[in-house]
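To keep things clear, I will list the structure first and then write my remarks on it.
Side-chain atoms are counted along with the backbone in the values below, which use heavy atoms only and exclude waters and symmetry mates. For the single chain, residues carry numbers from 1 onward in sequence order. Read the numbers this way: they start at 1 and go in the same order the structure lists the ligands and their atoms.
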Amino acid sequence: MALNLRHFSSFALAFILSISFSSSSVWASQREFDYFVLALQWPGTICAQTRHCCSSNGCCRSEPITYFTLHGLWADYDDGTWPSCCTRAGFDINKVESLMPELQKYWPSLYCTSSKRCFGGKGPIWAHEWEKHGTCSYPVIQDEYDYFATTLNLYTKYNVTRILENAGIDAANSAKYLLGEVVSAIKNEFGATPLLVCRHGSVEELRICFNKDFSPRDCVNESSTLMEDISKSSSSCPRYISLPTYEPLVHGDLRGKLVTSESTNMFRLVASA
Ligand code: U2P
């Protein structure tokens with residue numbers, strides 16, 4: 001029995017060691033990142049392409065979203081590449097339960113298809129972003145909660161929608177803004193050059209970048225040698241760009257809107273009686 005116990009404890013020890021060794025070797029397999037990209041999406045551009053609705057889709061809310069929403073916080077290399085899926089720490093929604101109201105409001109999926117997870121299967125956008133990018137932001141970001149809390153903090157601290165509004169750049173279907181005007185507005189307030197991604201002249205993404213101590217820094221620019229970044233640089237935007245709005249898509253889950261408009265009508269009826 002004593003022998004068996006000894007065997008069991010050496011087996012347990014070997015097992016624990018192999019787990020910790022394999023997870024640290026995952027860290028070691030991709031070198032530490034250089035800087036952060038905070039990627040924001042413009043729902044007006046993305047929702048205009050969304051063809052159908054689902055309850056988890058931000059495009060299907062009763063009111064159109066007229067502020068930049070979060071895409072993700074990415075750990076990138078200076079050469080324009082990035083590590084991905086660095087550990088096997090799978091997304092656990094329970095760990096971010098307390099952040100849910102903010103995540104739902106500011107970090108909704110704008111697509112109906114669920115997102116790819118690192119080691120098989122699909123999940124919400126948060127699972128994709130944590131597993132693909134968050135697990136690579138060690139040692140600055142320590143765990144899943146830290147990843148989402150840090151991202152929400154940066155998003156709130158550097159309110160890009162407000163910065164643009166203060167510069168007279170608003171969500172509008174007909175207005176066109178000079179690309180240089182948009183870049184300068186961000187640069188003046190944020191202190192570093194952003195990167196814009198456009199689709200047919202509409203802003204699809206706006207990215208701002210940070211050093212590892214979260215001080216603002218310029219995003220990787222067009223001089224990058226990578227095709228991926230060249231196609232995704234501000235050069236994908238024409239000289240004049242827009243921040244369009246959209247009509248919320250209608251689906252079976254729009255009871256919120258019906259209730260609101262019914263109650264508004266009721267209020268009007270009462271008020272006019
Ligand atoms: O641009 C297409 C997708 O590539 C990933 N990306 C892009 C630029 C960058 O600096 N870092 C980066 O990770 C993003 O992948 P996703 O998170 O969407 O899977 C981006 O959408």
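The closest heavy-atom contact to atom 21 (O) of ligand 1, among the options E129, H71, K116, comes from H71. Nearest-residue assignment for atom 15 (O) of ligand 1 (options R207, K132, Q41; heavy-atom criterion): K132.
Taking the six-membered ring where the residue is Trp, F148 and F91 present perpendicular rings, their angle passing 60° and hence far from 30°.
At least one heavy atom of H128 sits closer than 4.0 Å to an atom of ligand 1. Every heavy atom of E205 sits 4.0 Å or more from the atoms of ligand 1.
Summarising the local packing, NZ of K116 is surrounded by 12 or fewer heavy atoms from other residues, nucleotides or ligands at distances under 6.0 Å.
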Pairs under 3.5 angstrom only: tabulate donor-acceptor contacts from the side chains of residues 34-41 to other protein residues two or more places apart or in another chain.
from	atom 1	to	atom 2	distance (Å)
D34	OD2	D78	N	2.7

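Residues passing the ring pair (Phe, Tyr, Trp, His ring centres under 6.0 Å) test with H128, sequence neighbours excluded: none.
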Please test W107 against E129 for side chain to side chain donor-acceptor pair (under 3.5 Å), starting from the C-alpha separation and ending with a verdict. CA-CA 11 Å; W107 202 331; E129 294 299 317; 5.7 Å; no

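Close contacts of ligand 1 with H133, meaning ligand atoms under 4.0 Å from a residue heavy atom, involve 13 (O), 15 (O), 16 (P), 17 (O).
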